[in-house]
2 protein chains.
Amino acid sequence: MARKSTSKETARKPNMREAILAAAEELFATNGFNAVSVRDIAHAAGANPGSVTYHFKTKDGLLLEIYRRHCGPMNLRRSELLAAAKRVRDLQDRLEAIVRAYVVPAFTSGSDLAGGGARFTRLRAVMSAEGNEVARKIIAQTFDDTSHAFIDAIHESLPHIPRTDIVWRSHFLLGALYYSLVTPDRVSRLSRGEADGSDAANAIEQMVQATVAAFQAPALDQAAPARRRAAASSKT
Amino acid sequence: MARKSTSKETARKPNMREAILAAAEELFATNGFNAVSVRDIAHAAGANPGSVTYHFKTKDGLLLEIYRRHCGPMNLRRSELLAAAKRVRDLQDRLEAIVRAYVVPAFTSGSDLAGGGARFTRLRAVMSAEGNEVARKIIAQTFDDTSHAFIDAIHESLPHIPRTDIVWRSHFLLGALYYSLVTPDRVSRLSRGEADGSDAANAIEQMVQATVAAFQAPALDQAAPARRRAAASSKT
DNA sequence: ATGTGATTTGTACTATCGTACAAAAGATCA
DNA sequence: TGATCTTTTGTACGATAGTACAAATCACAT
């Protein structure tokens, strides 16, 4: 019952609701869910605390809406890029294109607004680390399909690698992705200023290069695990 | 002024202080810093909330002590393993040994107690994601030295790869490490039950295999970046 | 056993949290 | 203009946060 019908569709008034969403997204992504109060968000958005309750009912509802806003467009964008990547003929190039289709939307915003982006990916990373319940549910519902699609596509490019290995390596990719967005300054520090962790384009290239090689690594021979040293179970 | 001198050194009384530390470590690693209250910790440790204040003064002090307890032994253990790895003759085997020296202490506890372990690594992952101030300071002080040592060692095994690339790939390794400990269930889910994300030994092997390959990937040719598609800067 | 210092308990204080709700303000159309 | 709906504001409430502190308890050397 929000909008009836003005002369123009979806009028362009300075929307408070959007400002709250943007502020919450930024604050959650930077400091986590629990460290940020509704009052912090309202203040950052130039709004009244009660206004947050009005638009989103609860703090969880606000987080939920952030996810809702992003998930659809982001997965759509990934699907499009994945479909394009699958049409690449050369197997090596195709694998690289698939990885790129997964990584790029996580680092850059899509068309107009809300097509993914670094801030939303960072938010997901933080929520994942905090074990946030709301986030966990949405991720299981929304992201597993996309992840499976990517895993299957990679598996087709590397038929000799067991699916289990592909899953592990995809997992590592996601971890690297998350961590790169959470702590970009560490790259700058460890490289003594030679690399810029905040340079998205460079981060993407580095990640694609490294990840493609990781996927192409020989399979872990599960049948003959005795070959490797049992360094994992040293004492405890 | 805690201990004077009993008949035996470091008596083995059922220490409340240790119980609080253990409970806090577990709770922080699972739920983050801000989501856990001092009362939660005290309850989990079977202690009184006031007892936490007595031993650690503040909640930050408690976190600080957790780090203090682990950092020394963990980095020592890594140094030992790294020194041993550097003595490996074959370059390929040496690289694998170095990576293993970095990964193994993060997944498994050291001798007796407090030598690292999955729980502490997970704690660091969560604190990193939350942008915790206390953790950030300690990490910059304590871990960068160790990280540089590993980066240098890897660089020596791969002299033809620029140091910047090594830094990025180390960064990805740490991200993969963190994420594997934060969300092991996702591996199980995505592999449809075929892989167990909580199996540390298997996780280590997968990680070592993938990471060694990533390090060995050809260098990113910074001089000729025009060759690659500028997919990163699509629209926004 | 007894006194002394270390520890644990119980309780209380203040600040801040998420949320509710009534009143004010703004917008929209007959 | 006045009626009606949406949005914003202001304020308040109960719950819980971190921490302080006095009293009770424990451990142990004398």
Side-chain angles (χ1 to χ4, degrees), chain A residues 1-25 27-28 30-66 127 130 132-135, chain B residues 1-25 27-28 30-66 127 130 132-135:
Chain A
M1 300 73 184
R3 55 204 61 94
K4 279 275 183 62
S5 63
T6 57
S7 51
K8 293 179 182 178
E9 285 238 64
T10 58
R12 282 273 166 246
K13 55 180 170 184
N15 214 333
M16 191 87 273
R17 190 185 142 97
E18 299 296 327
I20 294 171
L21 277 171
E25 200 178 305
L27 287 172
F28 285 158
T30 313
N31 308 102
F33 185 77
N34 296 292
V36 177
S37 73
V38 173
R39 286 170 176 82
D40 290 338
I41 296 167
H43 180 77
N48 191 283
S51 192
V52 177
T53 308
Y54 170 72
H55 282 292
F56 308 100
K57 201 65 188 172
T58 68
K59 196 182 172 189
D60 276 355
L62 176 52
L63 180 63
L64 198 69
E65 182 56 28
I66 292 175
M127 294 305 130
E130 279 188 320
N132 184 286
E133 265 305 309
V134 177
Chain B
M1 300 75 181
R3 55 203 63 94
K4 280 274 183 64
S5 62
T6 57
S7 50
K8 293 177 182 178
E9 287 238 63
T10 57
R12 284 270 166 248
K13 55 181 171 184
N15 215 333
M16 191 87 272
R17 191 186 141 97
E18 299 297 328
I20 293 171
L21 277 171
E25 200 177 305
L27 286 172
F28 285 157
T30 313
N31 307 103
F33 185 75
N34 296 292
V36 177
S37 72
V38 173
R39 286 168 176 82
D40 290 339
I41 296 167
H43 180 77
N48 190 284
S51 193
V52 177
T53 308
Y54 171 72
H55 283 291
F56 307 99
K57 203 64 189 172
T58 68
K59 197 183 172 188
D60 276 354
L62 176 52
L63 180 62
L64 198 70
E65 182 56 29
I66 292 175
M127 293 306 130
E130 278 188 321
N132 185 285
E133 265 306 308
V134 178

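Reckoned from all heavy atoms, side chains included, excluding hydrogens, waters and symmetry mates. First the proteins, then the strands, lettered A, B, ... as listed; each starts at 1.
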task = Round to the nearest Å and state the distance from B/His55 atom NE2 to D/dC26 atom C1'.
result = 13 Å
note = Value for CD (A/Glu25) from CG (A/Leu62), rounded to nearest 0.5 Å, stands at 10.0 Å
inquiry  = For B/Pro49 versus B/Val38, what's the shortest heavy-atom pair and its separation?
reply    = O-CG1, 4.2 Å
Protein N or O to nucleotides 15-18 of chain D N or O, pairs below 3.5 Å:
{"from": "D/dG18", "atom 1": "OP1", "to": "B/Lys59", "atom 2": "NZ", "distance (Å)": "2.7"}
{"from": "D/dG18", "atom 1": "OP2", "to": "B/Val38", "atom 2": "N", "distance (Å)": "2.8"}
{"from": "D/dG18", "atom 1": "N7", "to": "B/Arg39", "atom 2": "NH1", "distance (Å)": "2.7"}
{"from": "D/dG18", "atom 1": "O6", "to": "B/Arg39", "atom 2": "NH2", "distance (Å)": "2.7"}

task = Please state how far atom CZ in A/Phe56 lies from atom P in C/dA20, giving the value in whole angstrom units.
result = 15 Å
Whether B/Glu130 side chain and B/Gly32 backbone form a donor-acceptor pair below 3.5 Å = no
key: Protein-nucleotide distance (A/Met16, atom CE; C/dA25, atom P), rounded to Å   = 18 Å
ask   = What is the distance from CG of B/Asn15 to P of D/dC26, rounded to the nearest Å?
value = 17 Å
note = Between its two end axes (five pairs each) the helix from C/dA1-D/dT30 to C/dA30-D/dT1 turns, nearest 10 degrees, through 0°
inquiry  = Could you tell me how far apart A/Asn48 (CG) and D/dT6 (P) are, to the nearest whole angstrom?
reply    = 20 Å
note = The complete set of side-chain hydrogen bond (donor to acceptor under 3.5 Å, both in side chains) pairs with one or both residues in residues 31-44 of chain B, sequence neighbours excluded, reads B/Ser37-B/Asp40
query = Expressed in angstrom and rounded to an integer, what is the separation of B/Arg17 atom CZ from D/dC26 atom P?
reply = 22 Å
key: Separation of atom CD in B/Glu18 from atom C1' in C/dT7, rounded to whole Å   = 15 Å
Residue pairs, two or more places apart or on separate chains, that pass side-chain hydrogen bond (donor to acceptor under 3.5 Å, both in side chains) and touch residues 51-62 of chain B = none
task = For B/Leu27 and B/Ile41, work out which heavy atoms get closest and say how close.
result = CD1-CA, 3.8 Å
inquiry  = Give me the atom names and distance for the closest heavy-atom approach of B/Ala135 to B/Met127.
reply    = CB-CB, 3.6 Å
key: Short side-chain N/O contact from A/Tyr54 to OP1 or OP2 of D/dT8, under 4.0 Å   = no
ask   = Hey, what do you get for CD1 (B/Ile20) to CD (B/Glu65), rounding to the nearest 0.5 Å?
value = 11.5 Å
